[in-house]
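Take a look at the structure set out below.
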Amino acid sequence: MSRLIIILFLLTTLKFYSQKIEKEIGDFKISKEVFHFNESDKKNKTGKSEFYFDAFGKILEKVSYGKPHYGKLDLIGEIEQFIYSEDRLESSKKYVSECFTCGYYLYYSKFNYDENGKLLNEKSFRGENDSLLMVKTYIYKPNYSETHFNSTTYYQKKYNSENKVIELNQVFEETNKIRWQYLFEYLNNCKIGKFQTYYGEGKENSQTETECFDSDKRIISKEIVALYKTKTTYSYSESGILSEIKEYESSNENENYKLKRLTKIKVNIKPKELTQEASGKINSELITE
């Protein structure tokens, strides 16, 4: 019923030239709530979203509540829908409202692949007049990839013989000089990243980022040590889907961690038995959202 209410609400309030919202339900639904803790440890709900997936772990739709400058979570701020051709993401649509009284506006993207199924480019458009907003272009070489996106910089990744990322750089398009860099090494079940900037303005900074994984290759913790420390822990349900994320902060290396943010994830409609690959896709979406 709540799903139907969302669709009817949008059909009557959207202001983007009679664009239609397709109804994507999928095999199951996941809800996500985010809480922040203030200095007195009072918990406030600051985020709410819903996700719809198919049985193979592909996301079909994402609904986010709350709008900028209007913190209440009783209004839909954004809906994003994903359209597939077989297993490939073919296009996506995003309906966005940016303030309490604003209408909803459409943005959409199209994805193009080569004959081997590798993503070549992603083009984003404004639905109002189909004007092109941005093009992401992907370049692949042996043990190497680049992502360009109409900017002064691009991203560059390098891989080892096991296809693990060992280097991530932000590079200037004009000079090919590195702006910032991550160097990665792998120890036991952890991935350690050394971050360094090369801004050239005398205000360089560095940090160490450590991610650790369980036997199923799911992330269970992430710690960043810089001027201050942060740590994030991840918990999973018996079905293998992410159930809770806790984020901690410490103002210096010697201070104990303090819980600052809590994310609770609930499977509202029980999925059928999921493969490890499917649950991995779902967890990746829930973490990066």
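One-based numbering along the sequence shown. Computed over heavy atoms, backbone and side chain alike; hydrogens, waters and symmetry mates excluded.
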(message) Does Glu209 form a side chain to side chain contact (heavy atoms under 4.5 Å, CB included) with Tyr182? I'd like the steps, not just the answer.
(response) CA-CA 9 Å; Glu209 178 180 303; Tyr182 272 101; 3.3 Å; yes

(request) Tell me yes or no: between the side chains of Thr46 and Asn44, is some donor less than 3.5 Å from an acceptor? (result) no

(request) Determine, using the 4.5 Å side-chain heavy-atom cutoff (strictly less than), whether Val225 and Leu168 are members of one ILVMFWY cluster. (result) no

(message) Does Tyr159, at its OH atom, have more than 12 non-hydrogen atoms belonging to other residues, nucleotides or ligands within less than 6.0 Å?
(response) yes

(request) Would you mind reporting whether Lys58 and Asp87 have side-chain heavy atoms less than 4.5 Å apart? (result) yes

(message) I'd like to know if Glu247 and Lys231 make a salt bridge, using a cut-off of under 4.0 Å between side-chain N and carboxylate O.
(response) no

(message) For Phe195 and Trp180, take the angle between the two ring planes, folded into 0 to 90°, and tell me which bin it lands in: parallel under 30, tilted 30 to 60, perpendicular over 60.
(response) tilted

(message) If hydrophobic clusters are built by linking Ile, Leu, Val, Met, Phe, Trp and Tyr wherever their side-chain heavy atoms come under 4.5 Å apart, do Tyr236 and Leu286 end up in the same one?
(response) yes

(message) Quick one about Lys110 and Ser91 (side-chain donor to acceptor, distance below 3.5 Å, no hydrogens or angles considered), yes or no?
(response) no

(message) Regarding Tyr108 and Asp130, do their side chains bring together a donor and an acceptor under 3.5 Å, going by distance alone?
(response) yes

(request) Give a yes or no on this: more than 12 heavy atoms of other residues, nucleotides or ligands lie within 6.0 Å of atom NZ of Lys191. (result) yes

(request) May I ask you to establish whether Lys229 and Tyr257 are in a cation-pi arrangement, using a distance under 6.0 Å from NZ or CZ to the six-membered ring centre and at most 45° from the ring axis? (result) yes

(message) Salt bridge check, Glu162 against Lys164: does any charged N sit closer than 4.0 Å to a carboxylate O?
(response) yes

(request) Is it possible for you to say whether Tyr84 and Phe51 belong to one hydrophobic cluster, with membership spreading through side-chain heavy-atom contacts below 4.5 Å? (result) yes

(message) Tell me whether Lys258 at atom NZ has more than 12 heavy atoms from other residues, nucleotides or ligands lying less than 6.0 Å away.
(response) yes

(message) Ignoring hydrogens and geometry beyond distance, is a side-chain donor-acceptor pair present between Asn268 and Tyr52 at under 3.5 Å?
(response) no

(request) Any chance you could lay out the side-chain hydrogen bond (donor to acceptor under 3.5 Å, both in side chains) test for Ser124 and Ser109, step after step, and finish with the verdict? (result) CA-CA 4 Å; Ser124 300; Ser109 297; 3.1 Å; yes

(request) For Glu146 and Tyr144, test the side chains for any donor-to-acceptor distance below 3.5 angstrom and give the result as yes or no. (result) yes

(request) Taking the six-membered ring for Trp and the full ring for Phe, Tyr or His, determine whether the centres of Phe149 and Tyr155 are under 6.0 Å apart. (result) yes

(message) I'd like to know if Lys118 pairs up with Asp114 as an ion pair, taking the criterion as any Lys NZ or Arg NE/NH1/NH2 lying under 4.0 Å from an Asp or Glu carboxylate oxygen.
(response) no

(request) Compute whether any side-chain donor of one residue and acceptor of the other, for Thr197 and Glu204, lie under 3.5 angstrom apart. (result) yes

(message) I'd like to know if Ile245 and Phe35 are part of one continuous hydrophobic network [Ile/Leu/Val/Met/Phe/Trp/Tyr, side-chain heavy atoms within less than 4.5 Å].
(response) no

(message) Can a side-chain donor-acceptor contact be found between Thr233 and Ser221 if the only test is distance below 3.5 angstrom?
(response) no

(request) Could you state whether Phe184 and Ile287 fall into the same hydrophobic cluster, counting links through intermediate Ile, Leu, Val, Met, Phe, Trp or Tyr residues with side-chain heavy atoms under 4.5 angstrom apart? (result) no

(request) Flag the pair Lys29 and Glu50 as a salt bridge only when some basic side-chain nitrogen lies within less than 4.0 angstrom of an acidic carboxylate oxygen. (result) yes

(message) Assess, by modelled atom type and distance only, whether the side chains of Glu98 and Tyr105 contain a donor and an acceptor separated by less than 3.5 Å.
(response) no

(request) Search all heavy atoms of Val165 against all heavy atoms of Tyr186 and return the closest pair with its distance. (result) O-OH, 2.6 Å

(request) Establish, from distance only, whether the side-chain atoms of Glu61 and Gln81 form a donor-acceptor pair under 3.5 Å. (result) yes

(message) For the residue pair Asn169 / Glu167, report whether a side-chain donor-acceptor contact shorter than 3.5 Å exists.
(response) yes

